[in-house]
Amino acid sequence: HLIKIYLHWFSITCCSVESQCPIQLIPRRAVVRYGDDVSADCKTSVPHKGMGWEASEGAVPMTRDSLITWRVSNLIEWDIQPFCFINHEEQCQVELPVTIYKTPDSVSISIVDHSGPMIEGKQYELQCDVHDVAPVQDLTVKWYKGQTLLNQTTFTDASKTPVNETTRLLIRPDRADDGAQYRCEAVLELGAEGPQPPPKETSDPLNITVYSRTSPKIQTNKYVLPIVLCSSFPDASKITFCNSWSPLTGTSLDSHPLNLYSVVGNPRPDISWRHKASSVNSSMPLTKFDSGQYEIIASNDHGDFNCSINITVECKCESSSGH
């Protein structure tokens, strides 16, 4: 009696709906691309009075066979719900879940309400548009910078038919991101029964240009001394004193090391000079009468750098002849 009770309990609790109805579907779930062919078998091992497939497409009339196939070529009915039935001791049926998928017509990436170069430290929003994809509940949108995965978004919409979806990503680029490449990727995660690897569509890359504030340095023979740049709202009253310079007569201000090698920024900063509160033509050769305190100014659209330099113009030595 205990064995009979256990077997009765086992048959009720362990068995699936499909096994309670004495038919088996192969596969248990169908995944098919929109417009492709699809088929599934329904079989039984018990005597019966008839079995068949009910479906809006590909229905199979009741037959005494033990194996019948539901088949549709060019499946385009998004909400199709085929089921196999059997007349055994009583009639029962098992539905075949069908997932029809469609890869996106296009995937594109853009910057929201902005065009042109970005400014370092400022926040921007990227947008990924996925057009005409199904089913959206199996869609994952992934964001990449280069080969690095930044973020991903999934969806809960139960719609079976194609939809358009938009996702956004906030970024705050710095100067190291100048030339960085962003992209978004739409992936359909359709499970073990779906195609492997999962189908995906990727946007064209979005290359960004990042403008940074001017960032000069003083070059010396032995080391590099960084000069702290004023903020993006420069205080003109703050003057940093750079190393003194002793060029020979005939040298121009354009030859100053800071002017030539050490001023960086995006866009490239403009360099100008002032002496005694007046602008100076930096290409003119210096004479011994031009010694004094000068101000070098490096500026671009995002900031200025002012540096005060003491310049002593030295005469070129001439060799003397005679004894």
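- Each of Val72 and Phe85 belongs to its own hydrophobic cluster when Ile, Leu, Val, Met, Phe, Trp and Tyr are linked at side-chain heavy-atom distances under 4.5 angstrom.
- Under the 4.5 Å side-chain heavy-atom criterion for Ile, Leu, Val, Met, Phe, Trp and Tyr, Val187 and Val107 are members of distinct hydrophobic clusters.
- Contact annotation: the side chain of Ser110 never approaches that of Val112 to less than 4.5 Å [non-hydrogen atoms, C-beta and beyond].
- Counting heavy atoms of neighbouring residues, nucleotides and ligands inside a 6.0 Å radius, atom CD of Gln196 exceeds 12 of them.
- Residue Gly50 comes nearest to Arg64 through the heavy atom pair N-CD, 3.9 Å, listed as atom of the first residue, atom of the second, then distance.
- Rounding to the nearest 0.5 angstrom, the gap separating the OG atom in Ser45 from the CD1 atom in Ile23 is 11.0 Å.
- Clustering ILVMFWY residues whenever any of their side-chain heavy atoms sit less than 4.5 angstrom apart, transitively, puts Leu25 in the very cluster that holds Val98.
- When side chains are defined from C-beta on, Tyr101 counts as touching Pro199, because their heavy atoms get closer than 4.5 Å.
- Ile86 pairs in a side chain to side chain contact (heavy atoms under 4.5 Å, CB included) with only one of the listed residues (Lys49, Met51, Gln91), which is Met51.
- In this structure, a donor-acceptor pair under 3.5 Å is absent between the side chains of Asp79 and Gln81.
- Looking at heavy atoms from C-beta onward, Pro205 lies in side-chain contact with Gln181 at the 4.5 angstrom threshold.
- Residues Leu96 and Cys84 have side chains not in contact (no heavy-atom distance under 4.5 Å, counting atoms from C-beta outward).
- Under a cut-off of 6.0 angstrom, the local environment of CD in Glu90 is sparse, with at most 12 non-hydrogen atoms contributed by other residues, nucleotides or ligands.
- In this structure, CG in Asp174 is found 13.0 Å from CD1 in Ile119, a value given to the nearest 0.5 Å.
- Atoms OG1 and CG, from Thr167 and Asp129 in turn, are 8.0 Å apart once rounded to the nearest 0.5 Å.
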For a side chain to side chain donor-acceptor pair (under 3.5 Å) check, start with the C-alpha distance between Thr156 and Gln137, then their side-chain angles and the critical distance, and finish with the verdict.
CA-CA 5 Å; Thr156 57; Gln137 64 183 355; over 6 Å; no
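- With hydrogens and angles disregarded, a donor-acceptor distance shorter than 3.5 Å links the side chain of Arg172 to the backbone of Gly121.
- To the nearest 0.5 Å, atom CD of residue Glu314 and atom OG1 of residue Thr251 are 10.0 Å apart.
- No continuous path of ILVMFWY side-chain contacts below 4.5 Å connects Tyr144 to Val210, so the two sit in separate hydrophobic clusters.
- At least one side-chain heavy atom of Ser56 sits less than 4.5 Å from a side-chain heavy atom of Glu77.
- Distance alone, capped at 3.5 Å, is enough to place a donor-acceptor pair between the Thr287 side chain and the Phe289 backbone.
- For the pairing with Phe155, the side chain to side chain contact (heavy atoms under 4.5 Å, CB included) check across Val141, Val163, Thr140 returns one residue only, Val141.
- For Arg175 (side chain) and Tyr211 (main-chain N/O), no donor-acceptor pair under 3.5 Å exists by modelled atom type.
- Of all heavy-atom pairs between Leu190 and Pro135, the closest is CD2-CD, 4.2 Å.
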Between Trp78 and Tyr34, is the ring pair (Phe, Tyr, Trp, His ring centres under 6.0 Å) condition met? List the steps.
CA-CA 8 Å; Trp78 292 101; Tyr34 179 78; 4.5 Å; yes
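- With sequence neighbours left out, the salt bridge (charged side-chain N to carboxylate O under 4.0 Å, His left out) criterion links Asp37 to no other residue.
- The shortest non-hydrogen separation linking Ser252 to Trp245 is O-CH2, 3.6 Å.
- Judged by distance alone, the side chain of Ser203 and the main-chain N or O of Cys184 form a donor-acceptor pair under 3.5 Å.
- Here the CE-CD distance, from Met62 to Glu54, works out to 10.0 Å after rounding to the nearest 0.5 Å.
- Within the structure, the salt bridge (Lys or Arg N to Asp or Glu O under 4.0 Å) test picks out the following pairs touching residues 181-203 (sequence neighbours left out): Arg29-Glu193, Glu185-Lys200.
- Using modelled atom types and a 3.5 Å distance limit, the side chains of Ser282 and Asp254 yield a donor-acceptor pair.
- Within the structure, every pair that satisfies the ring-ring contact (aromatic ring centres under 6.0 Å, His included) test and touches residues 118-142, not counting sequence neighbours, is listed here: His114-Tyr124.
- Put simply, CG on Leu188 and CZ on Arg33 are 9.0 Å apart, with the number rounded to the nearest 0.5 Å.
- A salt bridge (Lys or Arg N to Asp or Glu O under 4.0 Å) check over residues 136-163, counting only residues at least two apart or in different chains, returns the pairs Lys145-Asp177.
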Please assess Thr209 against Met118 for the test side chain to side chain contact (heavy atoms under 4.5 Å, CB included), listing each intermediate value before the final yes or no.
CA-CA 6 Å; Thr209 299; Met118 297 179 176; over 6 Å; no
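- A 4.5 Å side-chain heavy-atom check between Pro117 and Ile208 finds every atom pair outside the cut-off.
- Scanning all heavy atoms of the two residues, the minimum distance from Gln93 to Phe83 falls at OE1-CE1, 3.3 Å.
- The heavy-atom pair separating Pro247 from Thr312 by the smallest distance is CD-O, 3.4 Å.
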Can you check side chain to side chain contact (heavy atoms under 4.5 Å, CB included) on His48 and Asn87, steps first, answer last?
CA-CA 6 Å; His48 62 89; Asn87 291 309; 5.7 Å; no
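- Leu67 places a side-chain heavy atom less than 4.5 Å from the side chain of Asp41.
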Side chain to side chain contact (heavy atoms under 4.5 Å, CB included) between Asp204 and Ile109, intermediate numbers included
CA-CA 7 Å; Asp204 290 334; Ile109 186 173; 5.9 Å; no
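- Listed by chain and number, the residues in a salt bridge (charged side-chain N to carboxylate O under 4.0 Å, His left out) with Asp36 amount to none (sequence neighbours excluded).
- Judged purely by distance below 3.5 Å, without hydrogens or angles, the side chains of Ser308 and Gln293 pair a donor atom with an acceptor atom.
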Residue pair Trp53, Ile68: steps toward the side chain to side chain contact (heavy atoms under 4.5 Å, CB included) verdict:
CA-CA 8 Å; Trp53 279 97; Ile68 54 176; 3.6 Å; yes
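- With hydrogens and angles disregarded, a donor-acceptor distance shorter than 3.5 Å links the side chain of Asn164 to the backbone of Asp132.
- Under a hydrophobic clustering in which Ile, Leu, Val, Met, Phe, Trp and Tyr are joined whenever their side-chain heavy atoms come within less than 4.5 Å, directly or via other members, Leu206 and Leu150 fall into the same cluster.
- Here Ile297 sits alone; no ILVMFWY side chain lies under 4.5 Å from its own, so it joins no hydrophobic cluster.
- Between Tyr294 and Trp273, the ring-plane angle classifies as perpendicular under the 30° and 60° cut-offs.
- Counting heavy atoms from C-beta outward, Thr249 and Pro285 have side chains that stay 4.5 Å or more apart.
- At least one donor-acceptor pair under 3.5 Å links the side chain of His88 to the backbone N or O of Pro47.
- Applying the 6.0 Å contact sphere to CG of Asp113 captures no more than 12 heavy atoms from other residues, nucleotides or ligands.
- Of all non-hydrogen atoms in Cys315 and Lys288, the two that sit nearest each other are SG-CD, 3.8 Å.
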